[in-house]
Protein chains: 2
Amino acid sequence: MHHITKKIGSELNPNVSVDCVIFGFDLEQLTVLLIDRGEIPSGSRPRMALPGNLIYDNENLDQAANRVLAELTGLENIYLEQVGAFGDPDRIHKESDREWLKTIRAEPEARVITVAYFSLVQMAHYKPQASSFAKNADWIPVNQISELAFDHFEILQEAKEKLKQKIKIQPIGFNLLPEKFTLSQLHRLYESILDKPLDKRNFRRKIQKLDILSSLREKQKGVPHKPSLLYEFNEEKYQELTQTGFDNFGF
Amino acid sequence: MHHITKKIGSELNPNVSVDCVIFGFDLEQLTVLLIDRGEIPSGSRPRMALPGNLIYDNENLDQAANRVLAELTGLENIYLEQVGAFGDPDRIHKESDREWLKTIRAEPEARVITVAYFSLVQMAHYKPQASSFAKNADWIPVNQISELAFDHFEILQEAKEKLKQKIKIQPIGFNLLPEKFTLSQLHRLYESILDKPLDKRNFRRKIQKLDILSSLREKQKGVPHKPSLLYEFNEEKYQELTQTGFDNFGF
DNA sequence: TGGCATAGTGTAAAATTGACACAAAGCTCT
DNA sequence: AGAGCTTTGTGTCAATTTTACACTATGCCA
């Protein structure tokens with residue numbers, strides 16, 4: 001059951017909701033945080049859905065998205081970007097969906113427009129727990145997802161596309177990695193977001209030429225092979241770079 | 001006064017509107033179709049605004065945007081793309097704005113979320129006329145716009161940015177030009193969208209290498225200088241190109 | 001100590017970019 | 001008819017970037 005922080009002097013807007021595509025990276029592939037709606041009354045509708053909720057009349061859209069994210073994961077100050085608004089009148093067409101909506105939302109009958117966001121989090125920062133009040137949430141690899149409740153699958157597709165475009169322009173991928181990471185992990189991350197293989201040497205050359213990574217004098221520990229050097233993202237260097245009008249990472 | 005096509009069996013949704021950034025190109029610079037709200041009751045609020053309207057409960061967002069566009073210009077089947085949703089609770093904060101809203105919208109008091117679109121039209125296809133029922137609309141060069149009603153200026157900025165990014169990925173600029181155009185006009189168009197000068201020869205080389213233009217055996221007439229060859233956009237060639245996964249026009 | 005897995009590295013050919021200047025065509029004006 | 005104006009259209013060279021490609025180094029494990 002969602003925990004809704006009812007705000008004093010505010011009302012839920014029954015017509016507008018926010019849904020979040022929360023991306024993670026398990027160092028192998030891109031994942032998304034989905035909630036399991038459990039057994040659905042009538043029939044075999046998709047059980048998984050994006051986390052989301054109606055907005056309050058006194059918060060703006062970004063705030064609402066941050067709230068949804070914080071209510072589910074407890075995380076704050078997370079990279080968040082709007083994907084767009086989705087609003088087919090028949091978005092919620094299944095009787096069973098309506099039933100379920102009653103459990104988390106007011107007025108399941110109303111036509112709802114949803115504003116989708118995507119966010120990038122370090123998977124390690126949120127470990128879903130069955131016992132959590134944030135109901136049954138779980139990290140699911142994106143390419144294992146073939147259906148979702150409502151129009152959430154469509155939203156996911158657009159979020160992926162937006163992320164793909166965005167990462168060609170800004171190095172936002174670091175938000176998905178631990179502070180310290182290896183070039184191979186970064187490489188793998190780019191491959192899974194862009195959904196195509198990238199030549200190892202060419203990738204390393206290009207990323208290093210950008211000069212936005214700080215090499216640490218530290219190696220991986222406990223891996224059953226040659227340990228890799230660890231790097232971290234250098235915010236200052238990146239600022240310098242963008243100051244020059246640079247906006248093309250060209251992958 | 002807006003002409004609202006009341007649809008049978010449908011209701012206006014008082015919480016959600018659509019606003020359109022309608023781009024044109026006067027062969028010199030990028031322009032936007034704005035409506036003049038006329039004398040504003042109290043004080044000197046910006047008079048110009050983006051065309052927009054509330055949505056009906058039985059139409060989806062794209063339909064609503066197309067409707068707004070058609071109601072104002074009579075044009076259909078126009079390139080249209082969502083910019084995003086805008087929804088600060090205090091979006092409509094001025095008393096005079098509320099007054100004006102009453103003249104075109106139901107429930108001006110409600111908190112309204114707006115979904116912004118941008119569209120690309122051939123300026124020649126819509127000539128604003130003072131006598132038109134579409135009130136006082138006019139093409140205004142984008143870089144002459146410094147303020148707009150509500151949060152419309154912010155919306156315009158984002159629409160420009162979106163267009164800028166999009167044109168690097170897809171050759172949508174042709175929607176702003178007449179069927180037959182010169183390379184100089186196309187050149188000028190890219191410069192005004194990207195907001196930076198492009199070398200003439202390099203631009204021509206690059207655009208021609210894409211091989212998505214058909215050269216016509218036809219020249220400009222009646223220009224007081226060497227007449228240019230005319231070209232048209234070749235949809236089939238472009239399809240071939242995108243089939244190969246090409247998505248980088250690299251300007 | 002040998003085997004396994006991944007890290008890390010260089011080069012050469014091809015393609016792309018960026019900088020740059022002048023002759024050609026048609027109109028207008030006298 | 002000719003001079004002058006305005007914009008079109010064109011090529012090259014150097015620098016940079018991209019692509020394709022394979023072997024050695026390191027540390028763990030058995």
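In what follows, chains are A, B, ... by sequence order, proteins preceding strands, each numbered from 1. Bear in mind that the values here come from a model prediction, so they are computed numbers and not experimental data.
- The stretch residues 223-234 of chain A comes close to DNA chain D through Val223(A), Pro224(A), His225(A), Lys226(A), Pro227(A), each having a heavy atom under 4.0 Å from the strand.
- Rounded to a whole Å, the CD atom of Glu218(A) is 16 Å from the C1' atom of dA7(C).
- The aromatic rings of Phe174(A) and Phe181(A) sit tilted relative to each other, their planes meeting at an angle between 30° and 60°.
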Which protein N or O atoms sit under 3.5 Å from an N or O of nucleotides 14-18 of chain C?
from    : atom 1 : to        : atom 2 : distance (Å)
dG18(C) : N7     : Asn202(B) : OD1    : 3.3
dG18(C) : N7     : Asn202(B) : ND2    : 3.4
dG18(C) : N7     : Arg205(B) : NH2    : 3.1
dG18(C) : O6     : Arg205(B) : NH2    : 2.8

**Prompt:** For Ile22(B) and Val121(B), what are the C-alpha separation, side-chain angles and deciding distance, and is it a side chain to side chain contact (heavy atoms under 4.5 Å, CB included)?
**Reply:** CA-CA 7 Å; Ile22(B) 303 171; Val121(B) 316; 3.9 Å; yes

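- Of the residues listed (Arg204(A), Lys200(A), Arg205(A)), the one engaging Asn202(A) in a side chain to side chain donor-acceptor pair (under 3.5 Å) is Arg205(A), and it is the only one.
- A side-chain donor from one of Glu161(A) and Gln165(A) sits under 3.5 Å from a side-chain acceptor of the other.
- dT6(C) atom C1' lies 14 Å from atom NZ of Lys219(A), rounded to whole Å.
- Using a 4.0 Å heavy-atom cutoff across all strands shown, Thr182(A) reaches no nucleic acid atom at all.
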- [ ] With ring-ring contact (aromatic ring centres under 6.0 Å, His included) as the test, would you mind laying out the steps for Phe86(B) and Phe150(B) before giving the verdict?
- [x] CA-CA 11 Å; Phe86(B) 295 77; Phe150(B) 315 123; over 10 Å; no

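- Rounded to whole Å, atom C1' of dT6(D) lies 15 Å from atom CD of Gln185(B).
- Phosphate contact (OP1/OP2 of dG8(C), side-chain N/O of Arg204(A), threshold under 4.0 Å): present.
- Crowding of Glu76(B) atom CD: a count of heavy atoms from other residues, nucleotides or ligands under 6.0 Å not exceeding 12.
- A sub-4.0 Å separation between OP1 or OP2 of dT7(D) and a side-chain N or O of Ser184(B) is absent.
- Under a cut-off of 6.0 angstrom, the local environment of NZ in Lys206(A) is crowded, with over 12 non-hydrogen atoms contributed by other residues, nucleotides or ligands.
- Each of dG8(C), dA25(C), dA21(C) was ranked by its minimum atom distance to the side chain of Lys200(B); first place goes to dA21(C).
- Within the structure, every pair that satisfies the salt bridge (Lys or Arg N to Asp or Glu O under 4.0 Å) test and touches residues 238-251 of chain A, not counting sequence neighbours, is listed here: Asp247(A)-Lys168(B).
- Spacing between atom CG of Leu27(B) and atom P of dT7(D) amounts to 14 Å, rounded to whole angstrom units.
- Rounded to whole angstrom, the span from the CZ atom of Phe203(B) across to the P atom of dT10(D) amounts to 14 Å.
- A cation-pi contact, defined as under 6.0 Å to the ring centre and within 45° of the axis, is absent between Lys162(B) and Phe118(B).
- For the pair Arg201(B) CZ and dA21(C) P, the computed distance is 8 Å after rounding to whole Å.
- To the nearest angstrom, C1' of dA5(C) lies 12 Å from CD of Gln220(A).
- To the nearest angstrom, P of dT7(D) lies 13 Å from CZ of Arg188(B).
- Two residues, Gly222(A) and Asp199(A), neighbour DNA chain D, and the one matched to the more 5' nucleotide by heavy-atom proximity is Asp199(A).
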